[in-house]
Amino acid sequence: MRNIKLIIAYDGTGYGGWQRQKNANTIQGEIEKRLEIMTAGPVSLLGAGRTDAGVHALGMVAHFHTDKTLSCEAFLRGLNSLLPENIRILSVENAPADFHSRFWAKAKTYIYTLSTGPVLLPTERLYTYHIPFSLNLEQIEKCLGKIRGTHDFACFEMQGSRDKTCKNGRGSIRTILTAEFHDQGNCHFQFSITGDGFLRQMVRIMVGTILEVGKGRISIDEFQTILDSRDRSNAGPPAPAHGLTLLEIFY
């Protein structure tokens, strides 16, 4: 059996997220259907993580097993010819027999894009969160300083979402390796957060809470109290899914 690794980009608009579901179109489901056409049999595609409905990706990694002799180039061309235009396979390669897209991952980078301008361009509406007023950038930077490093991030985890199959035994403890906020000009900004792993909706809830600080609704001291509380009910609302993109996964 071959173990084949894919790097995938997709526009999550209109999809029920990455994970296969019975009553919704999903990224995993769409790719599996095309793989089954190409291999003439059932295929289980395993991803490095699960993005929520409406979240995008430029570097999702997944793998599947097959005994077919099709070349990697044939899989690449065939899948891209069969898939809808909002899903693209960027690369296909043979991986080691024991490679696992999820368990081998060492870190992931997410970006979150927003605009504070008075009007959001129609071409940006599916990928950019519109907040039409100014933010306190200094306070946002202070929040990012507080989340860097290793913490219990239970306050930024969607309630009842813990993956019981996770074997690392670390619960809600994660390490944020880098957390930056970039001014891209013309009232556009972007969070860039790299961590050794993320809880369900962690980036969205974290960004949403930091933006509450940027709006002046929560103080820096209150943000620290929220982080220390390990209680989701104390944190702010999750930022909308459409502003979030999985940028890269590191191995």
* To do: Would you check if Leu199 and Ser172 make a side-chain contact, meaning some heavy-atom pair closer than 4.5 Å?
  => yes
* Flag yes if more than 12 heavy atoms outside Glu73 fall under 6.0 Å of its CD atom; otherwise flag no. => yes
* Test item: Tyr112 side-chain N/O and Pro240 main-chain N/O as donor-acceptor pair under 3.5 Å -> yes
* **Verdict with supporting geometry, Ile27 and Ile87, side chain to side chain contact (heavy atoms under 4.5 Å, CB included)** => CA-CA 8 Å; Ile27 307 301; Ile87 303 174; 3.9 Å; yes
* Asked: Does His188 offer a backbone N or O that forms a donor-acceptor pair with the side chain of Asn186 under 3.5 Å?
  -> no
* How about Phe75 and Phe64: are their ring centres within less than 6.0 Å of each other? -> yes
* Of all the heavy-atom pairs spanning Pro84 and Arg34, show the shortest one and how long it is. => CD-NH2, 3.8 Å
* Identify the heavy atoms of Ile8 and Ala62 that sit nearest to each other, and give their distance. => CD1-CB, 4.0 Å
* Asked: Side chains of Val61 and Tyr251: does their closest heavy-atom pair fall under 4.5 Å?
  -> yes
* Asked: Distance-only, no hydrogens or angles: does the Arg217 side chain make a donor-acceptor pair with backbone N or O of Gly214 under 3.5 Å?
  -> no
* To do: Check the pair Lys33 / Glu36 against salt bridge (Lys or Arg N to Asp or Glu O under 4.0 Å), numbers first and verdict last.
  => CA-CA 5 Å; Lys33 284 190 289 186; Glu36 289 171 1; over 6 Å; no
* Structure fact -> Shortest non-hydrogen pair, Gly149 vs His151, comes out as O-CD2, 3.6 Å
* Whether Phe181 and Phe191 hold their rings parallel, tilted or perpendicular, with breakpoints at 30° and 60° -> tilted
* Asked: Under a 4.5 Å cut-off applied to non-hydrogen side-chain atoms, are Ile131 and Lys215 in contact?
  -> yes
* To do: Return yes if a side-chain donor-acceptor contact under 3.5 Å exists between Asp11 and Thr13, otherwise no.
  => yes
* To do: Might you work through the side chain to side chain contact (heavy atoms under 4.5 Å, CB included) test for Phe189 and Thr116, ending with a clear yes or no?
  => CA-CA 8 Å; Phe189 300 89; Thr116 61; 3.6 Å; yes
* Please report the closest heavy-atom contact between Ala95 and Lys5, naming both atoms and the distance. => CB-CB, 4.1 Å
* Mind telling me whether His100 and Phe103 have parallel, tilted or perpendicular rings, with 30° and 60° as the class edges? => tilted
* NZ of Lys142 to CD of Gln224: how many Å apart, nearest 0.5 Å? -> 13.0 Å
* Verify side chain to side chain contact (heavy atoms under 4.5 Å, CB included) between Ile193 and Ile176, making sure each step is shown before the conclusion. => CA-CA 7 Å; Ile193 301 174; Ile176 298 300; 4.0 Å; yes
* Asked: Is the backbone of Gly117 close enough, under 3.5 Å, to the side chain of His130 for a donor and an acceptor to pair up by distance?
  -> yes
* To do: Could you tell me whether the side chain of Asn3 and the main chain of Pro96 form a donor-acceptor pair under 3.5 Å?
  => yes
* Asked: Got Cys155 and Asp231 here, is their nearest side-chain heavy-atom distance under 4.5 Å?
  -> no
* **Nearest-0.5 Å distance that lies between atom CD in Gln190 and atom CG in Asp183** => 11.5 Å
* Answer with yes or no whether the hydrophobic clustering places Ile140 together with Met202; edges join I, L, V, M, F, W, Y residues whose side-chain heavy atoms lie under 4.5 Å apart. => yes
* **Side-chain heavy atoms of Leu227 within contact of Phe156, under 4.5 Å** => yes
* To do: Output yes when a side-chain donor or acceptor of Asn234 lies under 3.5 Å from a complementary backbone atom of Ile226, and no otherwise.
  => no
* Structure fact -> Between Ser44 and Arg20 the two heavy atoms that sit nearest each other are OG-NH2, 4.2 Å
* Asked: Among Tyr10, Trp18, Tyr110, whose side chain to side chain donor-acceptor pair (under 3.5 Å) with Thr51 holds?
  -> Tyr10
* Asked: Got a donor-acceptor contact below 3.5 angstrom from the Gln21 side chain to the Gly16 backbone?
  -> yes
* **Minimal non-hydrogen separation, Ile205 against Gly236, with atom names** => CG2-O, 3.9 Å
* **Separation of Thr39 OG1 from Glu32 CD (nearest 0.5 Å)** => 10.5 Å
* Asked: Quick one: are Thr26 and Gln19 in side-chain contact, heavy atoms under 4.5 Å?
  -> no
* **Cluster link Ile31 to Phe99, ILVMFWY, side chain under 4.5 Å** => yes
* Min side-chain heavy-atom separation Glu212-Pro237 under 4.5 Å -> yes
* With rounding to the nearest 0.5 Å, note down the distance linking CD1 in Ile7 to OG in Ser101. => 11.0 Å
* Do Leu45 and Leu6 pass the side chain to side chain contact (heavy atoms under 4.5 Å, CB included) test, and can you show the C-alpha distance, the side-chain angles, and the key distance before you say yes or no? -> CA-CA 10 Å; Leu45 180 68; Leu6 308 179; 4.0 Å; yes
* Asked: Do Ile4 and Leu70 belong together in a cluster built from hydrophobic side chains that touch within less than 4.5 Å?
  -> yes
* Say you draw a straight line from NZ of Lys68 to CE of Met1; how long is it, rounded to the nearest 0.5 Å? -> 10.0 Å
* State whether the side chain of His242 and the backbone N or O of Thr128 hold a donor-acceptor pair below 3.5 Å, judged by distance alone. => yes
* To do: Can you measure from CG (Leu83) to CZ (Arg88) and round to the nearest 0.5 angstrom?
  => 6.5 Å
* Any side-chain heavy atom of Arg232 within less than 4.5 Å of one from Glu157? -> no
* Asked: Going hydrophobic residue to hydrophobic residue with side-chain gaps under 4.5 angstrom, can you get from Val43 over to Ile37?
  -> yes
* Determine, using the 4.5 Å side-chain heavy-atom cutoff (strictly less than), whether Leu247 and Leu177 are members of one ILVMFWY cluster. => no
